[in-house]
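Since the structure comes first, as structure tokens, the remarks are kept for the end.
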Amino acid sequence: MTTPMLAGLNPEQLEAVTLAHESALILAGAGSGKTRVLTTRIAHLIQTGQASPQGILAVTFTNKAAKEMLVRLSAMLPINIRGMWMGTFHGLCNRLLRAHHHDAGLPALFQILDSGDQFAAIKRLMKIQNVDVEKYPPKQVQYFINSNKEAGTRASQVETYDSFTRKLAELYAAYDDQCNREGVVDFAELLLRSYELLSRNELLREHYQRRFKYILVDEFQDTNRLQYAWLKLLAGTHSAVFAVGDDDQSIYAFRGAHVGNMRDFERDFGILKVIKLEQNYRSHGNILDAANALISQNSERLGKNLWTSEGSGEPIRVYEASSDQEEAAFIVDEVRTLHDNESMPLSEMALLYRSNAQSRILEHTLFNAGIPYKVYGGLRFFERQEIKHALAYLRLIANSNDDGALLRVINFPVRGIGNRTLEQLQDAASQQQISLWQVATSGTLSGKAATNVMAFIRLIESMRETCTGLPLQEQMEHVLEHSGLAAHYQNSKSEADRVENLDELINAATLFTNEYEILRDSDADQPDVLTAFLTHASLEAGEHQAIAGADALQLMTVHAAKGLEFQSVFLSGLEEGLFPHEQSRNEADGVEEERRLMYVAITRARRRLYLSFAQSRMLHGQVRYGIASRFLKELPTELLKRVNSWASPRYSEPEFSSKPANRNDDSPWYIGQNVMHPKFGAGVLVNYEGSGSDARVQVSFSQSGTKWLALEYAKLVPA
DNA sequence: TAACATTCCGTTTTT
DNA sequence: CGGAATGTTA
């Protein structure tokens, strides 16, 4: 009685999909069909009548993952999935808080601050309170607030042991007051508020506990403590929680992810059996063997070994470059060869690096070679200045107490409202503990400033009046036109792309409205379309790169590559200090997290993997000399193949000396060596070529620049 | 208020 | 070195 839906699942996948009403931990290795298992289980539960769509809550970490699940699910199930709660933690918390905003102590139209908005709000608060930003960097205050919220700690509960932490706790309290006055919540607040709502309100809690018989969690290793507590609360004692994750791919500890949640889950939910998905459908054997060998060096693993039914494939290619430039040149050459001779699409190749700074030289080299490439990780659509400005007008229409929105646009475009006017407004506002809007409308100001401010107030009010009841895209057009934003950007010649983005924003509004109407039909208690759109803008900031289409090489950090796969992967900068990053050495389990990151990088490759490192690299405007990453030495040598053109045969056995490699065993010269020349003085050896009597070395002299010298003739001595 | 100069800083990042 | 953020001047 196997349904077609279950056909093709391997035994472990099948076991996971068809589990009865019990909580389970699914250890899903990279490329093991995790998303398929999740979606098939949901479909199976519904199809067999074990659950109705409204009895299911599925939570993911990113919007992308949520969307993918939704798409796959609707392809599997003919029926509408209305009533099912599927989304990110933040999205679901938002939904809960909208539905019960009164019980949660929030205004119906509360707005959501993204991290940038939050940062601005904190800086604003500190300025009003005259806090020394040298002593209390706003970034640190933000981190303090967020990590406390993620630990479930309110300002009043923070343990303070000195004047410094007391001040931080004080700022935390003041910040929360400010948010409450303005009717805004930050990301962490969405979760904490939602957690507190459920924990305080027994009726509500029991209602949802009864409703969600089945809870499914994706990327469980990335959950933080608050998210886990939220899940536990929601699950109660009767829900079956299906947690899917991979402890070996936990790479977000630095932002609060707590892998320990996996062990806690086993304990707290009395998990009897952990299902391991270890068959990999992505990579060839050599790549998996390398990944397994590497990750086995970590302690504290739940334990898992990937395998494939496919062959071992090609060896992993290792390239040792003399410099970052040469490394880039090698990669570009190789990319071109793969593309031209083996007709591999550029989009099937990824160029990965540990830190964003590394992309510059790679981009530069690619650009000069005329190879199309696409870098992931820039500004996202809804984070752009012009978009934020436009949305600020809409936010003010929805909620005029949003001081952050008001400050962003009260004088943009310029309306003759300068700093001194704003200071007057701010002083009065903090004095009376009311919003800037309330001060502005109360007639405290006088003179020309008052006239200008009143004109602004009237502008917003007239916009609000006109927009009420209009379709979203018409509201957007009206606001862009009457705020003067459109004209402002049209008049500026250097900002043509901003005009395009604003047009795109109108487009986005139209698209959003169409999708939202369908959703609203199925669920009546959804907010109005404007609030929903503003929420969407905060919670889903959009793609990192707007321009899609043309075949292009994919450039990104290893973090950004998680979840993706490519035919060929180039992993660059495998040097101690860079990967593993030197800062990771000070952190508890820092190197283990870096190793997991390396594991993620390796397992992105389907067929071909290149690992490269450079003996010298330009960093912070200075040449730095590095040695091969320890991670290279942790890979079995029989899986590797050195591909340096100059490598002498004896180096085909990979060997990464702790000292930068000599070319000849009998040569005293190595890259990075300090040398002395009778005429040019002190310098550093940066490159070499040839051998024997033809050997030449490149030396960077501190006084006389960089020169090539024939070793046989130059009177060079080690220094 | 905008253009220009200066200073600071430098892992990874989604919501 | 290069950018972002802050400070200074016309």
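Convention: sequence-line order gives letters A, B, ...; per-chain numbering from 1.
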Atom [atom1] of [X] to atom [atom2] of [N]: distance rounded to whole Å?
X: A:F119; N: B:dT13; atom1: CZ; atom2: P; answer: 18 Å
X: A:K127; N: C:dT6; atom1: NZ; atom2: P; answer: 10 Å
X: A:H620; N: C:dG3; atom1: NE2; atom2: P; answer: 15 Å
X: A:R617; N: C:dC1; atom1: CZ; atom2: C1'; answer: 14 Å
X: A:L191; N: B:dT15; atom1: CG; atom2: P; answer: 13 Å
X: A:F187; N: B:dT15; atom1: CZ; atom2: P; answer: 8 Å
X: A:K562; N: B:dT15; atom1: NZ; atom2: P; answer: 12 Å
X: A:D117; N: B:dT15; atom1: CG; atom2: P; answer: 15 Å

Sugar-phosphate only, base, or nothing, as touched by [X] at under 4.0 Å among non-hydrogen atoms:
X: A:N411; answer: sugar-phosphate
X: A:V414; answer: sugar-phosphate
X: A:K139; answer: nothing
X: A:N63; answer: sugar-phosphate
X: A:S538; answer: nothing
X: A:F61; answer: sugar-phosphate
X: A:E219; answer: nothing

Should [X] be listed as having a side-chain N or O under 4.0 Å from OP1 or OP2 of [N]?
X: A:K64; N: B:dT15; answer: no
X: A:S584; N: B:dT12; answer: no
X: A:N356; N: B:dT11; answer: no
X: A:N224; N: B:dT15; answer: no
X: A:R380; N: B:dT15; answer: yes
X: A:N419; N: B:dT1; answer: no

Before accepting this row, confirm whether a basic side-chain N of the pair A:E593/A:R596 lies closer than 4.0 Å to the acidic partner's carboxylate O.
->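 Between A:R596 and A:E593 there is a salt bridge, with a charged N closer than 4.0 Å to a carboxylate O.
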
Run the salt-bridge test on A:K149 and A:D186 with the 4.0 Å N-O cut-off and return the result as yes or no.
->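 Judged by the 4.0 Å cut-off on N to carboxylate O distance, A:K149 and A:D186 do form a salt bridge.
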
Any residue meeting side-chain hydrogen bond (donor to acceptor under 3.5 Å, both in side chains) with A:S194, in chain and number order, not counting sequence neighbours |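 By the side-chain hydrogen bond (donor to acceptor under 3.5 Å, both in side chains) rule, A:S194 matches A:W230.
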
Quote, to the nearest angstrom, the C1' distance that separates B:dT11 from C:dT6.
->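 Pairwise C1' distance, B:dT11 against C:dT6, rounds to 24 Å.
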
Out of [options], which has the shortest distance to the side chain of [X]?
X: A:R360; options: B:dT11, C:dG2, B:dT13; answer: C:dG2
X: A:Y252; options: B:dT13, B:dT12, B:dT1; answer: B:dT13
X: A:M618; options: C:dC1, B:dT13, B:dT11; answer: C:dC1

Given that A:I417 and A:G621 both sit by DNA chain B, which one's nearest nucleotide is further toward the 5' end?
->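 The 5'-side residue here is A:I417.
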
Any N/O donor-acceptor pair, A:S115 side-chain to B:dT14 base, under 3.5 Å |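 Donor-acceptor pair under 3.5 Å: no.
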
So, A:H90 and A:N94: side-chain donor and acceptor under 3.5 Å apart, yes or no?
->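 Absent: no donor and acceptor within the cut-off.
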
Using a distance-only test with no angle check, is there a side-chain donor-acceptor pair under 3.5 angstrom linking A:R98 and A:T531?
-> no

Centre of A:F382's six-membered ring, under 6.0 Å away, within 45 degrees of the axis: is that where NZ or CZ of A:K388 sits?
-> no

B:dT11 base stacked by A:H581 (centroids within less than 5.5 Å, tilt under 30°) = yes

Hey, is A:F254 stacking on B:dT12? Ring centres under 5.5 Å, planes under 30°.
->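 A:F254 vs B:dT12: stacking yes.
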
Is the count of non-hydrogen atoms from other residues, nucleotides or ligands lying under 6.0 Å from A:N419 atom CG greater than 12?
-> no

